[in-house]
Amino acid sequence: MKKFNNVIVRRPCKAVCDGITSAPELGQPIYEKALKQHDAYIEALKKCGVEVTVLEADERYPDSCFVEDPALITKACAIITNPGAESRNGEKDEIIGAIRKFFPEDKIEYIKAPGTLEGGDVMMVEDTFYVGLSARTNEEGIRQLGEILNKYGMKCVQVPLEKVLHLKTGVNYLEHNNMLVSGEFITKPDFADYNKVIVPEEEAYGANCIWMNETVIVPEGYPTVLKAVQDLGYETLIVDTSEFRKIDGGLSCLSLRFWA
Ligand code: CIR
């Protein structure tokens, strides 16, 4: 099954070492290493048969390599979000140019203040979009997203978050009804009907894998997750994201994946 033919990424900037983090004990990312890991990420995406648009680094925004957050792309429209983290809010104005290359103006929607939303809080399962109510995404942002999605015949389901930064920090859909779940998501009733693959606590970061046209990209260093994904029958590719992990970033955050 080929669902994505395009991906947008942004190169990490030197200021990536100052990205927002909830885990300062892991140390700051090392720019040169982050670049190498980003190179490998792009190569892995290309192996999955997609065209990769690489945006230039933007030194004004330390977290700007996490392009998943300022935009959300669906099969019918693109949505420019309104990131709830103040230092990241301006990223929404910098992603529009890339989005306009793929979507006409009447298919670009906007989340507006006081609504806030970050793409990391949104998980697409066919025409249903699960949205985390988080420190970054508020009720008004979710209400606006619901209105936009309904207009195009899609819907959203609100999922209150307890501990994690973003929804997809802990739950990711691998198509074919398969879902990787960790921590607070293991018992959430919203996901009861999926084939849940439970990620052990010590590999929680590994729950952030991405399905790319029947290949699943798995972060390096999470053997239980890797085996579980392979046992489901997927091809896998492994990418080291340890520098991005230091600032709470993972595989999904680093790209916008879509069909255009
Ligand atoms: C942040 O706190 O916003 C960044 N340091 C990490 C963003 C990760 N993005 C994502 O999960 N979609």
Side-chain angles (χ1 to χ4, degrees), residues 7-31 34 37-38 41 45 55 57-73 79-92 94-95 111 116-124 129-138 141-142 145 159 161-173 180-185 199 204-212 217-219 222 239 241-258:
V7 169
I8 297 173
V9 301
R10 184 183 292 286
R11 296 296 275 164
C13 55
K14 293 196 180 79
V16 70
C17 53
D18 296 322
I20 309 169
T21 184
S22 65
E25 70 279 5
L26 297 178
Q28 288 183 308
I30 297 162
Y31 171 63
Q37 293 183 355
H38 202 255
Y41 181 70
L45 291 168
L55 306 178
D58 187 337
E59 290 296 339
R60 292 167 301 169
Y61 300 106
D63 286 297
S64 52
C65 57
F66 301 122
V67 284
E68 176 177 68
D69 295 315
L72 168 68
I73 305 187
I79 299 156
I80 305 297
T81 69
N82 191 27
E86 215 180 307
S87 68
R88 301 199 57 192
N89 189 262
E91 291 175 32
K92 65 182 192 291
E94 305 310 320
I95 200 79
I111 301 294
T116 63
L117 188 98
E118 294 191 359
D121 274 322
V122 185
M123 177 174 69
M124 176 176 73
F129 291 73
Y130 292 94
V131 191
L133 177 63
S134 70
R136 305 286 181 86
T137 295
N138 66 13
I142 298 177
L145 178 65
V159 183
L161 304 191
E162 290 145 37
K163 292 188 186 143
V164 292
L165 170 65
H166 285 127
L167 179 74
K168 282 184 292 191
T169 309
V171 54
N172 285 273
Y173 188 56
L180 278 173
V181 289
S182 69
E184 63 192 80
F185 302 103
V199 174
Y205 176 83
N208 189 253
C209 291
I210 48 175
W211 178 94
M212 287 296 304
I217 307 183
V218 180
Y222 302 88
V239 175
T241 52
S242 51
E243 294 308 307
F244 301 101
R245 182 185 176 200
K246 294 174 178 173
I247 50 170
D248 301 332
L251 286 166
S252 77
C253 330
L254 287 166
S255 60
L256 282 165
R257 304 162 296 279
F258 58 103

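Remember, it's 1-based here, ligands and their atoms both numbered in the order they're listed.
- At a 3.5 angstrom cut-off on N or O pairs, Ile20 counts as close to ligand 1.
- Between Phe66 and Phe244, the two ring planes are perpendicular [angle over 60°; tilted spans 30° to 60°].
- In terms of polar-atom proximity, Asp69 is counted as a contact of ligand 1, with an N or O under 3.5 Å from an N or O of the ligand.
- Within a 6.0 Å sphere centred on CD of Glu25, other residues, nucleotides and ligands contribute more than 12 heavy atoms.
- Contact record, Asp18 with Gln28: OD1-NE2, 3.4 Å, taken as the closest heavy-atom pair.
- Heavy atoms of Thr169 stay at 4.0 angstrom or farther from ligand 1.
- The shortest heavy-atom distance from Arg136 to ligand 1 is under 4.0 Å.
- Using a 4.5 Å heavy-atom cutoff, the side chains of Ile95 and Leu256 are in contact.
- Glu94 has no carboxylate O lying under 4.0 Å from a charged side-chain N of Arg10, or vice versa, which leaves the two without a salt bridge.
- Listed by number with element, the atoms of ligand 1 under 4.0 angstrom from any heavy atom of Gly120 are 12 (N).
- Ligand 1 has no nitrogen or oxygen under 3.5 angstrom from a nitrogen or oxygen of Ser252.
- When atom types are taken as modelled, the side chain of Glu118 and the backbone of Thr81 share no donor-acceptor pair closer than 3.5 angstrom.
- Taking each of Arg88, Lys246, Lys168, His166 in turn, the one with a heavy atom nearest to atom 11 (O) of ligand 1 proves to be His166.
- Using a 4.5 Å cut-off on side-chain heavy atoms (C-beta onward), Tyr222 and Cys209 make no contact.
- With hydrogens left out, the protein atom closest to atom 10 (C) of ligand 1 is Cys253 SG, 2.9 Å, a heavy atom.
- For ligand 1 and Glu68, the ligand atoms under 4.0 Å from any heavy atom of the residue are 10 (C), 12 (N).
- Distances below 4.0 Å separate heavy atoms of Asp63 from the following atoms of ligand 1: 4 (C), 5 (N).
- If you check the side chains of Arg136 and Ser134, you find no donor sitting under 3.5 Å from an acceptor.
- For atom 6 (C) of ligand 1, the closest non-hydrogen atom on the protein side is Ile247 O, 3.2 Å.
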